[in-house]
There are 2 protein chains.
Amino acid sequence: MEPAASAPLACRTPLTAPALADAEAAALAGTLKALAEPNRLKILHRLASAAPDGVCVCDLTDPLGIAQPSVSHHLGVLRRAGLVQRRREASFAYYTLVPGALDRVAALLGERP
Amino acid sequence: MEPAASAPLACRTPLTAPALADAEAAALAGTLKALAEPNRLKILHRLASAAPDGVCVCDLTDPLGIAQPSVSHHLGVLRRAGLVQRRREASFAYYTLVPGALDRVAALLGERP
DNA sequence: CATCGATATCGACGGCCGTCTATGGTGACG
DNA sequence: CGTCACCATAGACGGCCGTCGATATCGATG
């Protein structure tokens, strides 16, 4: 608007702020990217609804309507993101939510720094 | 584990639940997909930090380190997702957060149905 | 030991996404 | 009225992602 240096014009920049660091942005984006998929959201909802001691893969394949390798793939993504955990028993695999994980993400989105 | 019908085996399915509807899953996934990008998170953080009357595009280009059309692209994605809004003034464009948008997303992630 | 069922991994294919350069449209200024 | 700054759009290119069929592993069963 007025006293700038050499720049031809500056609309204005009233703010300063730590500016979200690259590492934090990438980390949060990674977690959100794991969440941003319809089938994975359905999986999480299912695990949240009926997760006393876990849900096995065979109980997820039919409701989702996708092939079993795809279900395993999505579970792997959620597991690498730290959102779910696996408990192996015989030849079955029972998946459960990692307790505070979703709430932590929600808190990060809700906070207004 | 034992008394099934004709299926050769059923690990067990103790739970029932409405099961997240396709439309809801797709909608939430769409919003999360808009959030799941480092540069867009930085934009939102910036808007949240210093957003009394908005931030113009020129103030976002340099901190992000990407070309101006890319910034416009990201702002468009956030706007179509209903997360930010635009206010045009002269040749400038001031972007602000849509008030309750982020909190709504956080609430959806935090609720345990 | 041979078989079968439950999962995970592999390789391939199609589509979406983030980035860029180039260009267009609009308001201010001289 | 010509010029310039700000912003948006269009088109192209490379890479990541979701899906599948095929295959491997591992435990239980007979």
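Letters A, B, ... mirror the listed sequences (proteins, then strands); counts begin at 1. Remember, predicted model here, so these are calculated numbers, not experimental data. Values reported hereafter were calculated over all heavy atoms of this structure, with side chains retained and with hydrogens, waters and symmetry mates removed.
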Protein-nucleotide distance ([X], atom [atom1]; [N], atom [atom2]), rounded to Å:
X: Phe92(B); N: dG27(C); atom1: CZ; atom2: C1'; answer: 10 Å
X: Leu60(B); N: dC7(D); atom1: CG; atom2: C1'; answer: 12 Å
X: Arg80(B); N: dA8(D); atom1: CZ; atom2: C1'; answer: 11 Å
X: Glu89(B); N: dG27(C); atom1: CD; atom2: P; answer: 13 Å
X: Lys42(B); N: dG18(C); atom1: NZ; atom2: P; answer: 14 Å
X: Ile43(B); N: dC7(D); atom1: CD1; atom2: P; answer: 13 Å
X: Leu75(B); N: dA8(D); atom1: CG; atom2: P; answer: 7 Å

For Arg86(A), which contact category applies under a 4.0 Å heavy-atom criterion: base, sugar-phosphate, or nothing?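 Sugar-phosphate, no base atom in range.
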
Donor-acceptor pair, Lys33(A) side chain versus Ala36(B) backbone, under 3.5 Å?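 Yes, because the side chain of Lys33(A) sits within donor-acceptor range (under 3.5 Å) of the backbone of Ala36(B).
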
Exam field: side chain Arg86(A) to backbone Ala93(A), donor-acceptor pair closer than 3.5 Å: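 It does not hold such a pair.
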
What I'd like to find out is whether the side chain of Leu44(A) reaches to under 4.5 Å of the side chain of Leu35(A), using heavy atoms alone.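 Side-chain contact under 4.5 Å: yes.
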
Mind checking whether Leu108(B) and Arg104(B) have side chains closer than 4.5 Å, heavy atoms only?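 No, their side chains stay 4.5 Å or more apart.
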
Could you list all N or O pairs between the protein and nucleotides 16-23 of chain D that sit under 3.5 Å apart?
{"from": "dG18(D)", "atom 1": "OP1", "to": "Arg40(A)", "atom 2": "NH1", "distance (Å)": "3.4"}
{"from": "dG18(D)", "atom 1": "OP1", "to": "Arg40(A)", "atom 2": "NH2", "distance (Å)": "2.6"}
{"from": "dT19(D)", "atom 1": "OP1", "to": "Asn39(A)", "atom 2": "ND2", "distance (Å)": "2.8"}
{"from": "dT19(D)", "atom 1": "OP2", "to": "His74(A)", "atom 2": "NE2", "distance (Å)": "2.2"}
{"from": "dC20(D)", "atom 1": "OP2", "to": "Ala67(A)", "atom 2": "N", "distance (Å)": "2.9"}
{"from": "dC20(D)", "atom 1": "OP2", "to": "Ser70(A)", "atom 2": "OG", "distance (Å)": "2.9"}

Ser72(A) side chain: which of dG27(C), dG27(D), dA8(C) is closest?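 So the nucleotide nearest the side chain must be dA8(C).
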
Looking only at heavy atoms, what is the nearest atom pair of Pro99(B) and Gln85(B), with distance?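 Reported closest heavy-atom pair: CD-NE2, 4.2 Å.
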
Considering all heavy atoms of both residues, which atom of Tyr94(A) and which atom of Asp53(A) are nearest to each other, and what is their separation?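 That would be CB-O, 4.0 Å.
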
